[in-house]
Amino acid sequence: MAHPNRRDLGLLVLRVGTGAVLAAHGTQKLFGWFGGGGIEGTAQGMEAMGFHPPRESALAAGLGEAGGGVLLALGLATPAAGAAAAGAMAGAVSVHAPAGFFAQGGGYEYPAFLGFTAAAIGVTGAGRYSLDHATGHVLDRPWVVAAAFLGSAVAAAAVVGRRAQARAEKAAAEAEPHAETGAGAGAEGAEEPETH
């Protein structure tokens with residue numbers, strides 16, 4: 001009890017650091033800041049990664065990161081901010097998952113870490129040095145935590161599931177001409193001995 005504010009100071013540092021990183025990534029997507037592609041470039045990337053509709057997916061990812069990041073840094077509506085950022089990171093994890101865990105190989109280590117950190121802050125609360133505390137925790141009630149994380153989980157599952165289905169359909173469509181070519185080649189091969 002000698003340092004009653006250490007927890008709150010720690011939460012402030014964690015919130016501001018995590019929120020700033022998320023906000024920077026989000027503004028790359030939304031506005032093209034910090035060398036990002038903006039909405040158009042991000043939409044093209046989203047389409048290439050199998051997210052449909054691409055522009056709306058780019059907007060949702062950008063808002064989840066930038067909006068969630070700014071709110072986390074401020075400590076305002078912390079459960080909703082954490083849930084939004086975690087949901088956006090779930091989409092990023094789904095993209096990087098085929099490359100494995102570690103970031104050096106293109107894996108999902110980094111977005112998973114950001115997502116878990118944002119979720120933990122959302123569940124824990126912003127602490128004393130926050131706008132939630134200043135406003136009497138109006139937007140940081142237990143029901144807000146439950147609703148925010150349930151809504152984010154459902155939305156993330158729908159987006160990731162739709163992407164997986166679209167990628168599976170694309171792979172099947174690309175494999176179909178090869179199968180027909182292979183079947184045709186097999187049929188020709190079967191006829192060859194008869195003609196000799």
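Numbers for residues simply follow the sequence, beginning at 1.
Here the shortest heavy-atom pairing between G105 and A99 reads O-CB, 3.5 Å. The heavy-atom pair separating A90 from V160 by the smallest distance is O-CG2, 4.1 Å. Of all non-hydrogen atoms in A166 and G50, the two that sit nearest each other are CB-O, 4.1 Å. Considering every non-hydrogen atom in both A126 and G75, the closest pair reads CB-CA, 3.7 Å. The two atoms that bring A88 and A61 nearest to each other are CB-O, 4.3 Å, heavy atoms only. S94 approaches P98 most closely through the heavy-atom pair O-CD, 3.7 Å.
Between Q28 and W33 the shortest side-chain heavy-atom distance does not fall below 4.5 Å. Between F149 and V123 there is a side-chain heavy-atom pair separated by less than 4.5 Å. Within the 4.5 Å cutoff, the side chain of L9 has no heavy atoms near those of the R128 side chain. A heavy-atom distance below 4.5 Å is not found between the side chains of H52 and S57. Proximity of I121 to F116: side-chain heavy atoms (C-beta onward) are nowhere separated by under 4.5 Å. Between R7 and T124, the closest side-chain pair of non-hydrogen atoms falls below 4.5 Å. The shortest side-chain heavy-atom distance between E65 and M89 falls under the 4.5 Å cut-off.
Rounding to the nearest 0.5 Å places CG of D140 at 9.5 Å from CG of L76. Atom CG of residue L139 and atom CG of residue L131 lie 10.0 Å apart, to the nearest 0.5 angstrom. How far CG of L12 is from CG of N5: 11.0 Å, rounded to the nearest 0.5 Å. Atoms CZ and CE, on R163 and M46 in that order, are 10.0 Å from each other to the nearest 0.5 Å. One finds the CG atom of L22 at 11.0 Å from the OG1 atom of T27 (value rounded to the nearest 0.5 Å).
Inspection of the Q44 and E40 side chains reveals no N or O donor paired with an N or O acceptor under 3.5 Å. Between T78 and D132, the side chains place a donor N or O and an acceptor N or O closer than 3.5 Å (distance only, hydrogens not considered).
Heavy-atom contacts from other residues, nucleotides or ligands closer than 6.0 Å to CZ of F101 number more than 12.
In terms of modelled atom types and a separation under 3.5 Å, the side chain of H96 and the main chain of G106 share a donor-acceptor contact. A donor-acceptor pair is defined here as one N or O able to donate and one able to accept, closer than 3.5 Å; no such pair exists between the side chain of E109 and the backbone of F102. In terms of modelled atom types and a separation under 3.5 Å, the side chain of R15 and the main chain of L72 share a donor-acceptor contact. For the pair T42 (side chain) and I39 (backbone), a donor-acceptor distance under 3.5 Å is absent. Checking side-chain atoms of R162 against main-chain N and O of F51 turns up no donor-acceptor pair under 3.5 Å. No donor-acceptor distance shorter than 3.5 angstrom exists from the side chain of E47 to the backbone of P54, with no hydrogens or angles considered.
Under the 4.5 Å side-chain heavy-atom criterion for ILVMFWY residues, no single connected hydrophobic cluster contains both V93 and Y110. At a threshold of 4.5 Å between side-chain heavy atoms, the hydrophobic network of Ile, Leu, Val, Met, Phe, Trp and Tyr places V16 and L71 in two separate groups. Transitive grouping of hydrophobic side chains (ILVMFWY, heavy atoms separated by less than 4.5 Å) brings V21 and L14 into a common cluster. Tracing side-chain contacts under 4.5 Å through hydrophobic residues (I, L, V, M, F, W, Y), one reaches F34 starting from L59; they form part of the same cluster.
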